[in-house]
Amino acid sequence: MSLLNKFIKNYMTGILICIPVFAFILSFLINYNIKSFLINNKKNEIYDLKINIEELLKNTSTESAKKVVDEISSKKNIYIKVKDLDNNIILENSEIKNKKIRKNIYNFNLIENNKVFAKMKVEYANDPYKYDIFTENLRKNIVNSLLVSLLFSVVFGIFLSEILSSHLIKPFIEIKNFSNDLKNGKYNKTLPPSKINEINELNDNLNYLSENLKDQNEIRKRYGQDIAHELRTPLTNIKLNLEAIKDGIIPANEKNIDNMILETDRLSSLIKKLRKSYNDNNIENEISIEYFNVSDVLEQIIFNFKAKFTNKNISIIKQINKNVFTYSSKDDFIQIITNLLENAIKASNENGKIFLSLKENKKDIQFVIEDNGIGIKKENLKYIFDRFYTTSEDRNTKLNSHGLGLSIVKNKTNLIHGTISVESEINKGTKFTLIFPKKLII
């Protein structure tokens with residue numbers, strides 16, 4: 001049974017119980033009050049009758065009094081009998097003498113000059129409706145009206161219950177549809193506020209759950225994209241170096257082989273780090289600090305791109321200070337420089353130039369990478385660190401890039417408390433300047 005049918009059924013049950021009970025109570029109260037009114041009114045009539053008969057017997061003859069008594073008793077359906085003190089019947093309405101409707105009995109003493117001269121007995125029906133036809137008809141009309149009202153109330157109640165049930169069930173249908181959307185991975189909807197506190201609280205909780213699931217889903221997607229991006233560069237470098245060795249461009253000496261082994265080790269370390277961060281549900285901010293030689297790491301990165309430089313005949317101009325050390329995240333530093341160098345190669349034309357600089361002072365390390373490639377429009381510079389940002393003219397669209405590299409660079413730079421700035425001009429090139437603290441404190 002659906003929830004809507006359940007609501008309608010419950011409403012109908014309540015209506016079918018409440019309306020007859022209400023009608024019964026109302027009918028009982030009407031009948032009781034009318035009956036009480038008639039009984040009290042009858043008592044007053046009997047008392048007035050006693051006074052009238054008393055005056056008749058005092059002032060008129062017995063025959064005249066009998067005519068009046070017969071007329072009253074017939075009209076009011078009352079049995080009247082008057083006896084003198086010797087128990088002789090003075091008056092008696094013989095017309096209804098033998099009728100079996102007399103229940104209530106009243107006995108009165110008739111008094112003249114403060115002395116009892118006769119006794120009167122009055123009997124009338126116990127059911128007050130027997131002696132008041134008009135009121136009986138009125139009572140029946142009221143009861144019939146109640147029955148008709150009851151019938152219309154039931155019909156109207158059925159109609160109203162369906163409307164009210166549909167209105168009440170609407171938030172639950174919305175919640176059901178919303179939960180189905182969540183189950184199917186659709187997180188772009190929200191439940192509206194409700195005037196019912198409990199439903200409103202439930203809606204808030206489900207909206208919060210939807211937002212969290214949406215964020216988690218975005219993080220998972222971004223994580224997968226970052227993995228693909230970060231793994232692609234070292235794999236490409238290894239592949240190109242191997243091809244260069246095969247083609248005789250690079251000699252297969254111990255140094256070149258050791259460099260490829262180091263790049264393979266870095267790739268393996270990167271995979272372990274990604275797996276660990278995923279298992280720890282900390283897929284963005286995992287950081288491992290160590291003391292390392294930035295100059296040597298930078299030279300190693302440049303060497304890993306040697307095949308790419310050769311393919312495009314790119315010249316490398318280096319101003320790298322020797323033995324520049326830092327206490328920071330080596331893996332994040334490598335990812336930052338690798339992504340920037342990868343972007344510089346993509347942005348450079350054949351026979352282009354890339355300038356690399358590494359300097360230090362007492363507190364900071366400054367790294368500069370500059371190319372003379374296609375450049376970036378000034379109005380687009382503020383967007384280049386946005387995830388998936390690309391334009392048809394700018395550097396990130398070349399060679400199947402997806403706009404991830406600079407976003408990763410920005411995130412990693414912030415992670416190790418560095419800063420990054422960019423200057424660029426179309427068809428003249430782009431310059432990135434990064435400043436890192438010598439000692440990272442987290």
Problem set entry | Partners meeting side-chain hydrogen bond (donor to acceptor under 3.5 Å, both in side chains) with D364 (sequence neighbours left out) | none
Problem set entry | Residues forming a salt bridge (charged side-chain N to carboxylate O under 4.0 Å, His left out) with E370, sequence neighbours excluded | none
For this session: Not counting sequence neighbours, which residues clear salt bridge (charged side-chain N to carboxylate O under 4.0 Å, His left out) with K239? List them please.
Result: E243
Exercise. Can you name the side-chain hydrogen bond (donor to acceptor under 3.5 Å, both in side chains) partners of K359, sequence neighbours left out?
Worked result: none
Exercise. Less than 6.0 Å separating the ring centroids of F367 and F436?
Worked result: no
Problem set entry | Any residue meeting side-chain contact (heavy atoms from CB on, under 4.5 Å) with T310, in chain and number order, not counting sequence neighbours | I249, K306
Exercise. Hey, are E425 and K378 close enough for a salt bridge, meaning a charged N less than 4.0 Å from a carboxylate O?
Worked result: no
Exercise. Quick one: side-chain contact (heavy atoms from CB on, under 4.5 Å) partners of L242, sequence neighbours excluded?
Worked result: I238, M260
Exercise. With sequence neighbours left out, what residues match Y291 under ring-ring contact (aromatic ring centres under 6.0 Å, His included)?
Worked result: F325
Exercise. With sequence neighbours excluded, what pairs up with K176 under the salt bridge (charged side-chain N to carboxylate O under 4.0 Å, His left out) test?
Worked result: none
Exercise. Side-chain donor-acceptor pair under 3.5 Å between Q300 and N304, yes or no?
Worked result: yes
Problem set entry | All salt bridge (charged side-chain N to carboxylate O under 4.0 Å, His left out) counterparts of K439, not counting sequence neighbours | none
Exercise. With sequence neighbours excluded, what pairs up with N33 under the side-chain hydrogen bond (donor to acceptor under 3.5 Å, both in side chains) test?
Worked result: none
Seminar exercise, completed: Residue pairs passing the side-chain hydrogen bond (donor to acceptor under 3.5 Å, both in side chains) test with at least one member in residues 313-328, sequence neighbours excluded, are N293-N323, E299-K318, N313-N351
Exercise. Does any non-hydrogen side-chain atom of I80 lie less than 4.5 Å from one of L49?
Worked result: yes
For this session: Please list, chain by chain and in numerical order, all residues satisfying side-chain contact (heavy atoms from CB on, under 4.5 Å) with E198, sequence neighbours excluded.
Result: I196
